[in-house]
Amino acid sequence: MEAQKTIIPITPDEELMIQKEFEGLLLDYSNTRKGDKVELITRVFEFAKKAHADDRRRNGDPYICHPLAVARIVSKEIGMGSTTISAALLHDVVKETSVTAEEIDAAFGTRIGNLVRGITKISGGNVRFVTEETSDESHRAIKNPEEQAENFRNLLLTMSEDVRVLIVKIADRLHNMRTLNALSQFKQRRIANETLYLYAPLAYRLGFFNIKSELEDLSLEFEHPDEYDEIKNLIKDSEASRERLFTTFAAPIVSMVDALDLKYTFKYRMKSIFSIWKKMQTKHVTFEEVYDLFAARIVFEPQSPETEKQDCWRIYTAITSVYKIHPERLRDWISAPKSNGYEALHFTIMGPDGHWIEVQIRSKRMDEVAERGLAAHWKYKDGNKQNANANIRELDKWVRDIKEILDNPEPNALDFLDTIKLNLLSHEIYVFTPNGELKELPKGASALDFAFALHTNIGMRAQAARVNHEFVPLNTILESGVQVEIICSDQDTIKPEWKQIVKTTKARSKIQGWINKQRREKSVPGQKKFEEFVRKCGYTLNNDIMVNLMNGYKVNNKEDFFIMVEEGKIPLNNKTRNMLNVKTKSGILGFLHLNQIGSLNPLAKKKEKPVKKDKATLLAEAHAEEEKKKANRTSTIELSGIDGRGLLNTITRVICDTCTANIVNIHLECKDGLFKGYITLDTGDVKEIQSMCSALKKIHEIEKAVRI
C-alpha cells in the first residue's frame, strides 16, 4: 500500500499505541521462541521508527504501524525468529525512506540486510495478473504479460535464494488486505484479484492455511462484496442450529475417544466464506445445499512420538465404530503428507440427522504444522527429526523446482505464468510406481509427466504406459492412487508435440531443451549455407539484410530463417538474391512471387489414362478371386501396441517367416502413438496361428497378439 507523504507529527496517544504494539511484538516473540534476541529486535524497531519518522499511510496511521503489524504476523501467526522479524520491521525502509541497504548492513549485518534487499527488489513494481474474473477497467490498467512474467521471475528468483523473503512478503500482503478500505474501489479490486491469483496459493504452498483462508476471504469481500455479506449473514443465522447438531453428533464420539486414554480437544471449524462461495459457484448449489459447511476436528497429544500415527488410527477406529463412513471420502495424509508438509487423517461420516460431516484427526504437532506451516517444521526439527526432515526435503524440492523453471523459462510470458500456476500453486495427486513408491504430481498431469518424474531418460524414451495394468497412451491424465508403469524404447522417442501433453515443469523444460537443441543443430548448416550464398552474391551479411529477408519471408527469428534455408523452403536463387539489396522492394515482390510458385507449377502431373489389361492378366486376377471363394476357413489375429516406423514391414516379415498362409486382410488404426487392429489369414491351423502370435509378441512394440 502506497505511503501518503504528508508529514503529520505523531501525537502522544499514537506514541503510546505504537509502544503498546511493540511490547506486544516482544511478547509474541518470547512466547514462540527462546526470546534471546530482544535487544536486536528493539534496536531494529528504533531504527525503523526513526527512518519512517512522521510519514503516514493512506489511511492516516503512522507508517511505522504497518511494519510493526507485519512483524507481529511473522512472529505470532507464522512463528519465525529474530532475523525474519527484523527484516519485517525494515521491509519498507529502503523503498520508502532515504536509508540505504548498506546502512542496514552496517547497523545489523548482511543477513538482515540481504533479506531487506530481496524484499525491496520484489516490491519495486507491482506484480499484476489478468484472470477471467478481472474487470474491463483492470484489463486496461494492467501491465502487459511480459512485465508480469518479469516481475514474477524476480519474486521467484529472490525467494529461491531465501524463502524468508516470501514469508515477509505474504505477511505484508495480509496486513495490506486487512487495511484495504483506505484505497479506491478500483485499486481494492486490482489488489484483491492479484492476492487471490498469487499470494493465497503461495501461502497454501508454504502451509500457512489460516493465512491462505483469510487472504481468500478478504479478496472475495472486495471483489464480490454483496455475495460475501450474504454468505457471512447466512453463516451467522445458522450458528445456533449448527451448535445443536455438533453437540448431538459429538456425544457418542466423546465417550468412545475418552476410553483411549489420550489428552485431546474436540471442536468444529466452519468452512471459510470463500470456500463456500467457490463450491456454490462450481457445483451450482445454494448455501443450504453445501453439505460440508463445517468439519469436526480432534487434536490429541500422542502417548509418545513413536505412537503418533498409531494413535490417529485408534481414534479413527473408535469413531467409525459409531458412525457409518463415506467409502470414497477417506484422505490419508499421515502415511503420505501433502507437499507443503500437511499431515492429518480426513474422513466423512454420516451424522445423526442424515448429514455427511467431515472429521479431521491431527496430533498436536500436526496441528501446529497445519496452522504455521514452514516455521513449525523447523521448530520440530530436533523433537521429531523424521517428520521434520521429510517436510524440509519437500520444501527444498519445491525451491529446486522454482530454480529449474527459472533456468529454463517459457519463451511465451503467459505460458510461463501458467507453468508457475500449475506446477507450484496447484493441488497435487499421488501416483504409485510398480514397486509401490509414491510420486507426487500436479493435478492434470499425464503419464508422460510421470515418466519424466521418474527420470529424464525414461521420459525421453517413453513409448506408452500401463495404468493399473491397462495399456494406455502417454497423454492419459492420471488420477490419485493409480499405479503407473512406463514402457520405454532403447532409444529416444521424444517428439516436439509432447510439449502440448505435459504439465510439469521438469517435463516441459526437458522437452523444450531438446527442441532448442534440435533447432540449433538444424540451423547451423543452414546458416553456413546462407552465409556462403551471400558472400558469392557479393554482399556482407548484416542486420539490415537479415531484417529485410525475414520481413520478406515472414519469419520471426534468424534461427527459423536458417532452418528454412536448410529445408529448402527459402530458395538460394535470384529471388532471394534480389532481397539482399535492402534499398529495393524486391523482398516483398520476391515473397509474393514465392507464394505463386505452387499454383504456376508447369510440372504438375496430368491425369493418367487407365491401363488396358490383357487376357492373361484378367485370367490371373479371376483365379486369385476364386482362391478366396474356395477358402473354407480363415483366422483373425487382434494386435495392439506402440506405433513405430517400419512396424508394418516387421509384422508382415514375421508372418511370412513363421506361417505358410497368405494374408487376406490387414486393418490397423493409430492414435496417440498406439495402434490397434486385425490381420486375417487364409488358414484354420490353430497351432500355426498360436506359433505366429508368439513370434509377433517378441516384437518390442507389440503389446498384444491373440487369435480371435
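This is a predicted model, so every value here is computed, not measured.
- Phe274 CZ to Gln281 CD: the interatomic distance, rounded to the nearest 0.5 Å, is 9.5 Å.
- Counting all heavy atoms, side chain and backbone alike, Lys506 lies closest to Ala453 at NZ-O, 4.3 Å.
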**OP:** In sequence, state the C-alpha distance, the side-chain angles, and the governing distance for Met460 and Phe452, and then conclude on side-chain contact (heavy atoms from CB on, under 4.5 Å).
**Re:** CA-CA 8 Å; Met460 302 285 270; Phe452 277 98; 4.1 Å; yes
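- Within the 4.5 Å cutoff, side-chain heavy atoms of Ile319 are placed close to those of Val359.
- Using cut-offs of 30° and 60° on the angle between ring planes, the pair His346 and Tyr342 is perpendicular.
- Using a 4.5 Å heavy-atom threshold, the side chains of Phe675 and Ile702 count as touching.
- Side-chain atoms of Ser213 and Asn210 include no donor-acceptor pair closer than 3.5 Å.
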Subject >> Phe287/Ile235 under side-chain contact (heavy atoms from CB on, under 4.5 Å): CA gap, chis, key distance, verdict >> reply: CA-CA 9 Å; Phe287 176 84; Ile235 290 173; 3.9 Å; yes
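- Counting only heavy atoms from C-beta outward, the side chains of Glu358 and Phe294 never approach each other to under 4.5 Å.
- For Asp492 (side chain) and Arg461 (main-chain N/O), no donor-acceptor pair under 3.5 Å exists by modelled atom type.
- A donor-acceptor pair is defined here as one N or O able to donate and one able to accept, closer than 3.5 Å; such a pair exists between the side chain of Asp162 and the backbone of Arg164.
- With contacts defined as side-chain heavy-atom distances shorter than 4.5 Å, the pair Arg519/Asp560 qualifies.
- Side-chain contact between Leu448 and Ile486 is absent, with no heavy-atom pair separated by less than 4.5 Å.
- Using a cutoff of 4.0 Å between basic side-chain nitrogens and carboxylate oxygens, Glu221 and Lys232 are not scored as salt-bridged.
- Between Leu674 atom CG and Thr476 atom OG1 the span is 8.0 Å, to the nearest 0.5 Å.
- In this structure, CG on Leu220 lies 8.5 Å from CG on Leu196, to the nearest 0.5 angstrom.
- Note that the CG atom of Leu206 and the CD1 atom of Ile170 stand 5.0 Å from one another [nearest 0.5 Å].
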**OP:** Let me see the working for Phe222 and Ile191 under side-chain contact (heavy atoms from CB on, under 4.5 Å), right down to the final yes or no.
**Re:** CA-CA 9 Å; Phe222 289 103; Ile191 294 173; over 6 Å; no
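- Expressed to the nearest 0.5 Å, how far OG1 of Thr348 lies from OH of Tyr323 amounts to 14.5 Å.
- Trp514 places none of its side-chain heavy atoms less than 4.5 Å from the side chain of Trp498.
- Atoms CZ and CD1, from Phe208 and Ile167 in turn, are 4.5 Å apart once rounded to the nearest 0.5 Å.
- The main-chain N or O of Leu180 is found under 3.5 Å from a side-chain atom of Gln188 such that the two form a donor-acceptor pair.
- With respect to the salt-bridge test (charged N to carboxylate O, under 4.0 angstrom), the residues Glu703 and Arg466 qualify.
- Using a distance-only test at 3.5 Å, with no hydrogens or angles considered, a donor-acceptor pair links the side chain of Arg189 to the main chain of Glu223.
- Proximity of a side-chain donor or acceptor of Lys499 to a complementary backbone N or O of Ile511 within less than 3.5 Å is not detected.
- Heavy-atom neighbours of Lys439 NZ from other residues, nucleotides or ligands within 6.0 Å: above the threshold of 12.
- Summarising the geometry of Ser446 relative to Leu478, their closest heavy-atom pair is O-CD1, 3.6 Å, with the distance given to 0.1 Å.
- Glu289 places a side-chain N or O within 3.5 Å of a backbone atom of Thr286 that can act as its donor or acceptor partner.
- The closest donor-acceptor contact from the side chain of Asp449 to the backbone of Lys503 lies under 3.5 Å.
- The shortest distance between side-chain heavy atoms of Tyr268 and Arg297 does not fall below 4.5 Å.
- Around NZ of Lys324, the count of heavy atoms belonging to other residues, nucleotides or ligands within 6.0 Å does not exceed 12.
- Thr493 contributes a side-chain N or O that, together with a main-chain N or O of Ala462, makes up a donor-acceptor pair within less than 3.5 Å.
- Asp367 has no carboxylate O lying under 4.0 Å from a charged side-chain N of Lys364, or vice versa, which leaves the two without a salt bridge.
- Just one of Arg365, Lys309, Arg362 meets the side-chain hydrogen bond (donor to acceptor under 3.5 Å, both in side chains) condition when paired with Glu343; it is Arg365.
- Counting heavy atoms of neighbouring residues, nucleotides and ligands inside a 6.0 Å radius, atom NZ of Lys676 does not exceed 12 of them.
- Under the ring-ring contact (aromatic ring centres under 6.0 Å, His included) criterion, Tyr316 pairs with Trp313, Phe347, sequence neighbours left out.
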Subject >> Residues Phe432, Asn468; criterion side-chain contact (heavy atoms from CB on, under 4.5 Å); working and verdict >> reply: CA-CA 10 Å; Phe432 292 93; Asn468 291 340; over 6 Å; no
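- The minimum heavy-atom distance linking Val168 with Val70 is given by the pair O-CG1, 4.1 Å.
- Heavy atoms of other residues, nucleotides or ligands lying less than 6.0 angstrom from CD of Gln185 number 12 at most.
- When all heavy atoms of Trp356 and Ile325 are compared, the pair lying nearest together is CZ3-C, 4.2 Å.
- Nearest heavy atom pair, residue Ala295 against residue Gln360, reads CB-NE2, 3.8 Å.
- Each salt bridge (charged side-chain N to carboxylate O under 4.0 Å, His left out) pair with one or both residues in residues 470-484, not counting sequence neighbours, would appear here, but there are none.
- A side-chain donor from one of Gln512 and Asn516 sits under 3.5 Å from a side-chain acceptor of the other.
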Original post:
Going through the distances and angles, do Glu559 and Arg520 end up as a salt bridge (charged side-chain N to carboxylate O under 4.0 Å, His left out)?
Top reply: CA-CA 7 Å; Glu559 202 167 65; Arg520 285 193 300 271; 5.7 Å; no
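- Across every non-hydrogen atom of Met177 and Ala192, the tightest pair is CE-CA, 4.1 Å.
- In this structure the side chain of Gln518 never reaches within 4.5 angstrom of the side chain of Ile494, judged on heavy atoms.
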